[in-house]
There are 2 protein chains.
Amino acid sequence: MAGVLRKASKTGAANATTADLVAVLVAVTDGEPKIMTIANAGALPSGPFEFAHRSLQTGLRAWVEAQTGHPLGYVEQLYTFADRGRAGDAKSPHSISISYLGLTREDQVGQGFEAHWSGWYEYFPWEDQRSGLPAAPAKTLASRLRAWSKSAATASLQRERWQRVAITFGLDDREWNEELVLQRYELLYEAGLIPEAVRDGADATAVIPGRQMTGDHRRILATGIARLRAKIKYRPVVFELMPAEFTLLQLQRSVEALAGRLVHKQNFRRLIEQQQLVEETGAIAADTVGRPAKLFRFRHGVLAERAVVGTKLPLSRT
Amino acid sequence: MAGVLRKASKTGAANATTADLVAVLVAVTDGEPKIMTIANAGALPSGPFEFAHRSLQTGLRAWVEAQTGHPLGYVEQLYTFADRGRAGDAKSPHSISISYLGLTREDQVGQGFEAHWSGWYEYFPWEDQRSGLPAAPAKTLASRLRAWSKSAATASLQRERWQRVAITFGLDDREWNEELVLQRYELLYEAGLIPEAVRDGADATAVIPGRQMTGDHRRILATGIARLRAKIKYRPVVFELMPAEFTLLQLQRSVEALAGRLVHKQNFRRLIEQQQLVEETGAIAADTVGRPAKLFRFRHGVLAERAVVGTKLPLSRT
DNA sequence: TCGGTTATGCTCAGGATAAGTATAAGCCAA
DNA sequence: TTGGCTTATACTTATCCTGAGCATAACCGA
């Protein structure tokens with residue numbers, strides 16, 4: 001039976017799709033997370049998966065290098081989206097986007113490329129929670145979201161909406177969870193507070209600050225940020241973004257920049273040291289205000305030594 | 001410049017690809033994890049992403065229901081692969097597989113379907129570490145891997161290989177890490193110990209036990225198992241696999257079945273209870289040997305109450 | 001009633017975490 | 001040259017989490 005179904009589908013025309021490869025390429029410079037953009041900071045590096053590409057990753061590398069002149073280092077796959085938006089357009093062939101997260105250090109973008117490093121908080125201002133409480137913008141965001149909740153049909157739907165808002169945005173005494181980047185973006189999209197949503201046909205209500213991107217690119221970026229924020233907690237990926245030598249404060253600032261929140265200095269150091277992620281180079285940081293800090297380097301050995309951190313299961317020894 | 005590149009690629013012919021949707025559909029019955037298979041237990045439910053499908057997920061649902069008669073419940077995306085194997089065949093259009101993980105309860109497979117529930121450890125015997133030390137098979141596996149390490153060209157390559165083996169398989173006093181399912185499969189593939197690798201052109205050395213699958217399907221299954229083993233630790237997804245009411249021991253057995261290892265009973269209960277994942281139904285399990293156990297049900301409230309568990313960052317309160 | 005079996009409650013030591021306090025070591029300007 | 005500013009680094013304390021095991025309860029069948 002399965003065979004029959006399979007055959008039927010093969011004969012049905014028009015299974016052809018086009019697959020786009022999209023890169024979220026991240027660097028951190030001076031405590032600010034940056035992403036590589038093209039098209040006047042309105043798109044991520046991307047291009048179709050082609051015949052000549054030996055694999056998805058090589059295709060991606062080819063496109064990024066061609067468009068930005070920047071080689072790709074550490075790469076991992078993010079997610080595969082089918083295009084939403086243009087929903088009525090049922091005639092066009094399907095197009096899917098296979099997205100990747102890449103980590104590097106910032107480099108000068110070569111001449112002749114339309115590429116820029118753009119700060120990622122330009123696209124997601126609400127994701128930067130480092131500066132305590134940015135009173136005014138947060139207030140308006142919250143009130144827009146509350147208005148959206150209230151606009152639901154029934155009282156129970158209104159409660160449901162507000163609970164979602166409160167959880168994803170850490171309102172009503174809930175904790176802010178920095179990993180919910182994508183959920184926040186999706187919710188704002190659903191609430192019509194994002195230009196992309198209006199473009200895709202939502203009601204044009206008020207729109208909140210934050211630069212937009214073509215197609216699904218801002219959603220893909222949100223996915224990348226979420227993944228990276230989750231990952232720095234259990235794999236030593238920050239080091240892909242650091243220079244060869246750095247002080248512990250620089251490392252802390254990078255982590256804070258990515259996570260969008262501040263961490264406790266002394267405890268951060270203890271965490272790093274007890275995990276033996278770094279070793280002293282012997283050198284001391286120059287030209288700094290305050291007491292000079294020791295320079296450290298990443299201990300590459302840990303990649304081999306430890307596979308992953310951890311278990312939450314109460315394993316039994318016997 | 002990017003525009004120029006983009007245009008050049010558009011004019012280049014043959015960007016057409018076909019995208020297959022593949023499902024790893026899991027259930028747990030009597031403490032054994034099962035997966036839905038078709039084609040005489042040699043393939044996962046799958047079919048091409050078609051024109052008529054409104055989204056990737058609806059396409060997947062359509063295929064799984066058509067091939068197995070089983071509706072799809074909880075679903076999440078796993079990974080997107082481009083086909084490897086058939087490397088020399090550069091003429092054929094690219095084909096990519098977008099894979100999903102689905103969780104349900106086992107059901108009778110309807111008449112007229114070629115579908116079966118198959119135990120997942122049939123495909124990965126080495127992943128079941130519940131029964132203490134299965135002495136003989138583990139011994140031969142280890143010796144095969146050691147032989148592969150020794151077959152490297154230089155002494156340093158040999159050491160590298162053995163270190164990889166020891167880490168992924170928990171040898172040399174290292175801990176077994178149940179999440180490294182994919183890494184173990186990839187390593188065995190690389191070592192030519194897997195029929196699929198031989199089929200794809202590796203040297204035909206000895207092959208180890210474990211049923212094979214068509215194409216990349218066993219690799220996709222490994223990806224699914226790994227994802228599920230990781231996820232049960234931080235999201236309450238086991239409950240998708242449990243009946244409405246269950247005893248804590250049944251819950252524990254399910255977790256053990258998925259993780260492939262035994263857990264400490266008392267501590268497991270403490271973990272479940274302190275997280276308030278379940279509540280008593282008031283009823284008591286019948287027809288059991290030993291003291292009868294209380295029945296519990298999953299508290300659906302937790303999904304709304306708590307967003308995610310956790311932080312490893314030493315966050316600062318101020 | 002005793003031994004087998006599972007359920008459930010409780011303890012205890014060690015380690016990890018959150019949140020500080022205290023001190024050191026530079027610079028700079030009065 | 002000294003006091004004040006800044007950052008680095010060491011140490012403390014209370015609390016919580018985890019791994020491991022002991023003890024007891026409740027059922028069954030011989």
Side-chain angles (χ1 to χ4, degrees), chain A residues 30-31 132 175-176 178 233-234 245-256 259 261-297 306 309-318, chain B residues 30-31 132 175-178 232-234 245-256 259 261-297 306 309-318:
Chain A
D30 299 327
E175 287 268 303
W176 173 264
E178 71 280 356
K233 293 175 185 169
Y234 62 96
E245 303 195 347
F246 48 85
T247 70
L248 291 182
L249 184 60
Q250 284 166 350
L251 182 62
Q252 179 183 346
R253 292 283 176 248
S254 292
V255 168
E256 287 175 337
R261 35 196 329 193
L262 300 174
V263 308
H264 184 121
K265 188 173 186 167
Q266 296 90 326
N267 291 346
F268 177 77
R269 292 157 155 276
R270 184 184 51 199
L271 203 71
I272 298 295
E273 282 170 12
Q274 81 174 22
Q275 294 185 193
Q276 299 186 287
L277 292 175
V278 298
E279 61 190 4
E280 297 184 17
T281 66
I284 301 270
D287 60 278
T288 127
V289 54
R291 171 174 168 179
K294 292 178 192 164
L295 285 172
F296 292 83
R297 78 169 71 89
R306 300 178 318 162
V309 274
T311 171
K312 270 271 180 182
L313 292 179
L315 295 176
S316 140
R317 297 289 161 210
T318 51
Chain B
D30 300 327
E175 287 269 302
W176 173 263
N177 185 332
E178 70 279 356
I232 50 173
K233 293 175 185 169
Y234 62 94
E245 304 195 345
F246 48 83
T247 68
L248 291 182
L249 184 60
Q250 285 166 352
L251 181 63
Q252 179 182 345
R253 293 282 177 249
S254 292
V255 169
E256 288 175 336
R261 30 195 334 193
L262 300 175
V263 307
H264 183 120
K265 187 172 186 170
Q266 295 92 324
N267 291 347
F268 177 76
R269 291 158 156 275
R270 183 177 56 192
L271 202 71
I272 299 294
E273 281 169 15
Q274 82 174 24
Q275 293 185 191
Q276 301 185 285
L277 292 176
V278 298
E279 62 191 3
E280 297 184 16
T281 67
I284 300 271
D287 60 278
T288 125
V289 55
R291 173 174 168 177
K294 293 181 192 161
L295 285 173
F296 291 83
R297 78 169 71 87
R306 301 178 317 165
V309 277
T311 169
K312 268 274 178 180
L313 292 179
L315 296 176
S316 138
R317 297 288 159 208
T318 52

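Below, chains carry the letters A, B, ... as their sequence lines are ordered, and counting in each starts from 1.
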Does B/R253 pair with B/E256 as a salt bridge, N-O distance under 4.0 Å? yes
Atom pairs, protein N/O to nucleotides 28-30 of chain C N/O, distance under 3.5 Å:
none

How many Å lie between [atom1] on [X] and [atom2] on [N], as a whole number?
X      : N      : atom1 : atom2 : value
A/Q275 : C/dG15 : CD    : P     : 17 Å
A/Q266 : C/dT23 : CD    : C1'   : 12 Å
A/R269 : C/dT17 : CZ    : P     : 17 Å

pair [X]-[Y]: side-chain heavy atoms closer than 4.5 Å:
X      : Y      : result
A/T247 : A/Q252 : no
B/R261 : B/W176 : yes
B/L251 : B/F296 : no

Considering just the side-chain nitrogens and oxygens of A/K265, establish if one lies under 4.0 Å of OP1 or OP2 belonging to D/dT7. no
Set of residues satisfying salt bridge (charged side-chain N to carboxylate O under 4.0 Å, His left out) with respect to B/K294, sequence neighbours excluded: B/E280
Checking B/R269 now: which residues fulfil side chain to side chain donor-acceptor pair (under 3.5 Å) with it, not counting sequence neighbours? none
Name all residues meeting the side chain to side chain donor-acceptor pair (under 3.5 Å) criterion together with A/R291; count only those two or more places apart in sequence or in a different chain, and write none if there are none. none
Assign a letter to each nucleotide of nucleotides 24-30 of chain D from its 5' end: B, base within under 4.0 Å of a protein heavy atom; S, sugar-phosphate only; -, no contact. -BBB---
Need one value for B/L248: base, sugar-phosphate or nothing, where a base atom within 4.0 Å counts as base even if backbone is also close, heavy atoms only. nothing
Pairwise N/O distances under 3.5 Å, protein to nucleotides 15-18 of chain D:
residue, atom, partner, partner atom, Å
D/dT18, OP1, A/K312, NZ, 3.2

